[in-house]
Each structure stands twice: as C-alpha cells, then as structure tokens.
Colleague: 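Mind looking over this structure? Questions follow.
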Amino acid sequence: MSLREVVVVGGSIAALTAVETLRMEDFDGRITVLSDEELPPYTRVPLSKGVLAGRESADDVVLAPLADEVDLHLRTPATGLDLEAQTVLTPDGPVRYDGLVIATGARARRIGTPGQSERVLRSYEDGLRLRDDLRRVSSVLVVGGGFLGMEIASTARELGRDVTVVDLAPPLDRLLGTTVGRHVRAVAERAGVHIVLAHGGVRLLGEPTPTAVETPDGHRLEADLVISAVGDLPNAEWLAGSGVPLSGGIVVDERCRVSPYVVAAGDVTVMATDDGALARTPSWTNAVEQARAAVRSLLHGDDAPEYRPSRYFWTEQFGLDVKMVGPLDPQGQPAVLDGSLDAGSALLAWPDAATPRQVVAVNHHTPPAKLKRMLTGARRTQLPA
C-alpha cells in the first residue's frame, strides 16, 4: 500500500521529528498533525530552567516551524482510534489516515486529591504558572528528587528561594547511582537545598493550593509553594478499546510498530528490554531517536532497521552538567577514566574501563556522540567471533 496521507498525533519533539523524518525520507503525501497543545511543537527542556526563571518565553521553546504544506491542528486532542476504518477521532470530527504516528507523550503524575490545585511542571502553561508562583513566594518544597525535581530546586535556589526536596530515597541515586548521586546532592546542599527522606511517601496538605506535606510518621513540612515532580503517566487512555496493545503505555515491536500502518514513538511507548520485560524510556533523546525509527518503519516496513535506544540522558543543575549513557542506576564504584568528582570534572565508567556498561560525564568536555560510541564499541568487543 502506498501511503498518501499520514497523521501524526502529538505536539512535542517526537511529533516534530516524525514530520521532519517523513520529508527527509522523501514522503511527498499529505501530513496532518493533531495536537492538544496551545503552542506549536516545542521543547520541554527549558521549562525547569529558563522558563521557570523567567529568562525564556514561548519564542524560545517553540521548535522549528512546520513546513507550510503540513496541516497543523492545535487544541485538537485525539479522543479515539478506529483501526479498521483507519480514522482518528477528534472533537472536530474524524481524521482519516493511510499511515499513523502516535506521539501523544505523557502527563505529570499527581498525588493530590481532586480538591487540590496541585502544582506540576510538564507543559509550557505549567511553567508560566510556576514562574508566577515563584515570584510571590519565599519558600518552596519540591516533592520528588529525580532529574526534574532537582532541576526545579536548582532554579528556585538560583532565584533566592528557600528550598526543600523530599523524596522516598536519596535524590538521584536511582538514576545516576550512589557515587554521582551523592556528589550532586552535596553540591545541592552546599547551594542551600534541604533534603528530607520520607520512606513511606508524603500526603499533600492544603486546599485549593497545597502549602505543606505530611510524612507517614506525622512529620509536617511547610512551604509557601509545594511542587510535585513525581514522574509521569503515558497519554494512552484515548486508545482504550481500540485494539492497540496497551501495558503501561503503547506496546511497540522492535521497529516501533503497533499494528499495520500504525507506529508510535516517545514517552507514550513501552518496548521489550533485553530480558523481555516491557519498559518505558521517557527522555528527550529517546523521543527523537524513536520517532525517526518509527517513521522509517512506517515507510519501509521490514527493510527499516530495528530500533536500539541509545539510552542517553542529561541534566543541568546547581552548576553541574551531567551526561549519561547506558541503563540508569549504575551499581558499585566506577572506574575513573579522567579527572575526579572532587576536582569538579570527571568521566566515569561502570563496571570497568575496558567494557563499560554505563558512562557518566560530570562537567566533562566529552560530547554525547563520543559517550554513545564508548558503549557501542564495548558491545562490539563482546560479540562472538
């Protein structure tokens, strides 16, 4: 079947990358993009940094404009999918496709009650709301010590706010491992961040806007502003009953395929790992790389290469630029390839320098492409002759 009409559902980096890849692969048919956002496709990377600090606006986050021949529908959420009729349902009516790219991403996970106006950071609108909140407060409590939570804490400290981060476990350990996690926490604490562990989680207090949390043992932490940064949930509910395989997200095969003429990419997807378990990889890099692979699969079928995530992550906080390739949460002590954490710049590898499974650069000049090649080269040396 020759594709003439491709519909892309979503409005962020995966959707834009899908459109760009379609044109790069010489698809000359009609492209329709359906997005529930107010803005054209934009990057979320600056939301916890420049947008939150008030240094960047919509003009700074919106990505390269779509070509004139792309039919972009903003404020148009997908509400359903009819696989047999090859139709996406929307409030404005059905949209037919020959090929479909699903890139609906994820939304912020919430832990509050329906009566609470819980503050989160996922969209540009969230960023503007929090920016205005930060201008009016003197103290901030961030629930969640992952990349996003710690980046929010970093920006709030940069603005001179009193900042506390509360988490189930030591922030960043589950992502960067204990060695690097401990180092980043030490830098954050020197910058004035208070870190509190609440092993049983917390409950948000206050309505409509929470101003405190309570731990299972009854300890209460208060702040002028409470922000939840406790992960995200894939936007896949609109596909319930459609026949699309769902298991904590849209299940895709090794070529990002969902069903005939349907592919998916980005934070909404789950894919089998080496041990067979289904897992999401919510990151900017995965969204871009997977969107490229999905489109090539849509256009070329089995002739398209299988998708192999590069597993590249990065975060900027408290003056630290941390880049990582490989599975999250490296275990044990790393091999030091260059520099040292104490000196402020380090290149580290796990489990050893000869066959690294994970590599982390902290304020180190090694570019992402070279970090990825370090793992690729290690995998090749382990292949049987």
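Positions are given from 1 along the sequence.
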Colleague: How close do V362 and V360 get, heavy atom to heavy atom, and via which atoms?
Modeller: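 Result for this residue pair: CG2-CG1, 3.9 Å.
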Colleague: Looking at every non-hydrogen atom in both residues, tell me the closest pair between I152 and S48 and how far apart they are.
Modeller: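 Minimum heavy-atom contact is CG1-CB, 4.2 Å.
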Colleague: Determine yes or no for a side-chain-to-main-chain donor-acceptor pair under 3.5 angstrom, with N363 supplying the side chain and D321 the backbone.
Modeller: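 Answer holds: yes.
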Colleague: Identify the heavy atoms of S123 and Y42 that sit nearest to each other, and give their distance.
Modeller: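 Taking S123 first and Y42 second, the nearest heavy atoms are CA-OH, 3.4 Å.
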Colleague: Does L197 reach the side chain of P170, with side-chain heavy atoms less than 4.5 Å apart?
Modeller: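 Yes. Closest side-chain heavy atoms under 4.5 Å.
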Colleague: Please name the pair of heavy atoms, one in G301 and one in R257, separated by the smallest distance, quoted to 0.1 Å.
Modeller: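 Looking at all heavy atoms of both residues, the shortest contact is C-NH1, 4.0 Å.
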Colleague: Would you check if L168 and H199 make a side-chain contact, meaning some heavy-atom pair closer than 4.5 Å?
Modeller: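 A side-chain contact under 4.5 Å is absent here.
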Colleague: What distance separates D162 CG from L225 CG, expressed to the nearest 0.5 Å?
Modeller: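 Answer rounded to 0.5 Å: 12.0 Å.
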Colleague: What distance separates Q86 CD from L81 CG, expressed to the nearest 0.5 Å?
Modeller: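 Going from CD on Q86 over to CG on L81, the span is 9.5 Å.
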Colleague: Are F147 and V51 connected in a single hydrophobic cluster, I mean Ile/Leu/Val/Met/Phe/Trp/Tyr linked by side-chain heavy atoms less than 4.5 Å apart?
Modeller: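 Yes: a chain of side-chain contacts under 4.5 Å links V51 to F147.
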Colleague: Is the shortest side-chain heavy-atom distance between F318 and M150 below 4.5 Å?
Modeller: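 Contact flag for F318/M150 side chains = yes.
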Colleague: Can you tell me how far apart OG (S139) and CZ (R161) are? Round to the nearest 0.5 Å.
Modeller: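 It is 10.0 Å, given to the nearest 0.5 Å.
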Colleague: Before accepting this row, confirm whether a basic side-chain N of the pair R280/D232 lies closer than 4.0 Å to the acidic partner's carboxylate O.
Modeller: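 Counted as a salt bridge, because a side-chain N and a carboxylate O are separated by less than 4.0 Å.
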Colleague: Ignoring hydrogens and angles, tell me if any N or O in the side chain of N286 forms a donor-acceptor pair with the backbone of T281 under 3.5 Å.
Modeller: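 Judged by distance alone, yes, a pair lies under 3.5 Å.
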Colleague: Could you check whether R96 pairs with E5 (Lys NZ or Arg NE/NH1/NH2 to Asp/Glu carboxylate O, under 4.0 Å)?
Modeller: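 Looking at E5 together with R96, the answer is no, because their closest N to O distance does not fall below 4.0 Å.
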Colleague: Within the supplied structure, the quantity of interest is the number of heavy atoms (other residues, nucleotides, ligands) at a distance under 6.0 Å from E237 CD; does it exceed 12?
Modeller: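 Yes, enclosed.
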Colleague: With a 4.0 Å cut-off, would you call D167 and R185 a salt bridge?
Modeller: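 Looking at R185 together with D167, the answer is no, because their closest N to O distance does not fall below 4.0 Å.
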Colleague: So, does D132 use its side chain to make a donor-acceptor pair with the main chain of R129 at under 3.5 Å?
Modeller: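 Such a contact is absent between D132 side chain and R129 backbone.
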Colleague: With distance as the sole test, does E118 use its side chain to make a donor-acceptor pair with the main-chain N or O of P210 at under 3.5 Å?
Modeller: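 Answer holds: no.
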Colleague: Can you establish whether the number of heavy atoms outside R157 located under 6.0 Å from its atom CZ is more than 12?
Modeller: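 Yes, enclosed.
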Colleague: Salt bridge between R255 and D303, side-chain N to carboxylate O under 4.0 Å?
Modeller: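 Salt bridge between R255 and D303, a charged N being under 4.0 Å from a carboxylate O: no.
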Colleague: Rounded to the nearest 0.5 Å, how far does CG of L205 lie from CZ of R220?
Modeller: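 So the CZ of R220 and the CG of L205 are separated by 5.0 Å.
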Colleague: Where the side chain of R109 meets the backbone of V230, is there a donor-acceptor pair that is under 3.5 Å apart?
Modeller: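 Yes, because the side chain of R109 sits within donor-acceptor range (under 3.5 Å) of the backbone of V230.
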Colleague: Starting from the C-alpha separation in whole Å, work towards a yes-or-no answer on side-chain hydrogen bond (donor to acceptor under 3.5 Å, both in side chains) for T215 and D217.
Modeller: CA-CA 5 Å; T215 65; D217 60 5; 2.3 Å; yes
Colleague: Using 30° and 60° as the class boundaries, would you call the ring planes of W284 and W314 parallel, tilted or perpendicular?
Modeller: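 If you compare the ring of W284 with that of W314, the planes turn out perpendicular.
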Colleague: Roughly how far, to the nearest 0.5 Å, is CE of M24 from CZ of R292?
Modeller: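 That separation rounds to 7.0 Å.
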Colleague: Under a 3.5 Å distance rule, please check whether E25 uses its side chain to pair with a backbone N or O of L299 as donor and acceptor.
Modeller: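 Here the side-chain-to-backbone pair does not exist.
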Colleague: Go through the side-chain N and O atoms of S117 and R119 and say whether any donor and acceptor fall under 3.5 Å apart.
Modeller: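 Their side chains do contain a donor-acceptor pair, which is all the 3.5 Å distance test asks for.
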Colleague: Specify the closest pair of heavy atoms between P327 and M324, including all atoms of both residues, with the distance to one decimal.
Modeller: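 Of all heavy-atom pairs spanning P327 and M324, the closest is O-CE, 3.0 Å.
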Colleague: Check whether T76 reaches the backbone of L74 with its side chain - one donor and one acceptor, N or O, closer than 3.5 Å.
Modeller: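 Yes, because the side chain of T76 sits within donor-acceptor range (under 3.5 Å) of the backbone of L74.
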Colleague: Tell me if a side-chain donor or acceptor on Q290 pairs with a main-chain N or O of G266 at a distance below 3.5 Å.
Modeller: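 Yes: the side chain of Q290 pairs with the backbone of G266.
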Colleague: Would you say that V9 contacts L100 through its side chain, given a criterion of any heavy-atom pair below 4.5 Å between the two side chains?
Modeller: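 They are in side-chain contact.
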Colleague: Taking the basic N atoms (NZ, or NE/NH1/NH2) and the acidic carboxylate oxygens, is any pair closer than 4.0 Å for D36 and R107?
Modeller: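 No, this pair does not count.
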Colleague: Going hydrophobic residue to hydrophobic residue with side-chain gaps under 4.5 angstrom, can you get from L47 over to L233?
Modeller: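 No, no single cluster joins them.
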Colleague: I need the single residue from V262, T32, V6 that forms a side-chain contact (heavy atoms from CB on, under 4.5 Å) with Y97. Which is it?
Modeller: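 For Y97, the side-chain contact (heavy atoms from CB on, under 4.5 Å) check succeeds only for V262.
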Colleague: Less than 3.5 Å apart, any donor N or O on the side chain of H73 or D92 sitting next to an acceptor on the other?
Modeller: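 On atom types as modelled, these side chains do not qualify, holding no pair under 3.5 Å.
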Colleague: Strictly distance-based, threshold 3.5 Å: is any side-chain N or O of K323 a donor or acceptor partner for the main-chain N or O of Y312?
Modeller: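 Between the backbone of Y312 and the side chain of K323 there is no qualifying donor-acceptor contact (under 3.5 Å).
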Colleague: Using a strict 4.0 Å threshold on nitrogen-to-oxygen distance, state whether R4 and D28 make a salt bridge.
Modeller: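 Yes.
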Colleague: Quick check: do T179 and L341 have side-chain heavy atoms less than 4.5 Å from each other?
Modeller: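 Touching, per the 4.5 Å side-chain cut-off.
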Colleague: Any chance you could measure D173, atom CG, to L328, atom CG, to the nearest 0.5 Å?
Modeller: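 Output value for this atom pair is 12.5 Å.
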Colleague: With salt bridge (Lys or Arg N to Asp or Glu O under 4.0 Å) as the criterion, how do D267 and R122 come out once you've worked through the C-alpha distance, each side chain's angles and the decisive distance to 0.1 Å?
Modeller: CA-CA 12 Å; D267 293 359; R122 181 71 191 185; 2.9 Å; yes
Colleague: Where do I250 and V258 come nearest, in terms of heavy atoms and distance?
Modeller: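 Scanning both residues, the minimum pair turns out to be CG2-CG2, 3.7 Å.
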Colleague: Taking atom CD as the centre, does E84 end up with more than 12 heavy-atom neighbours from other residues, nucleotides or ligands that are less than 6.0 angstrom away?
Modeller: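 For E84, atom CD is not crowded (no more than 12 foreign heavy atoms under 6.0 Å).
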Colleague: Got a donor-acceptor contact below 3.5 angstrom from the N235 side chain to the T104 backbone?
Modeller: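 Yes.
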Colleague: Would a 4.5 Å heavy-atom cut-off, applied to side chains only, mark V244 and S259 as touching?
Modeller: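 Heavy-atom side-chain distance check fails, nothing below 4.5 Å.
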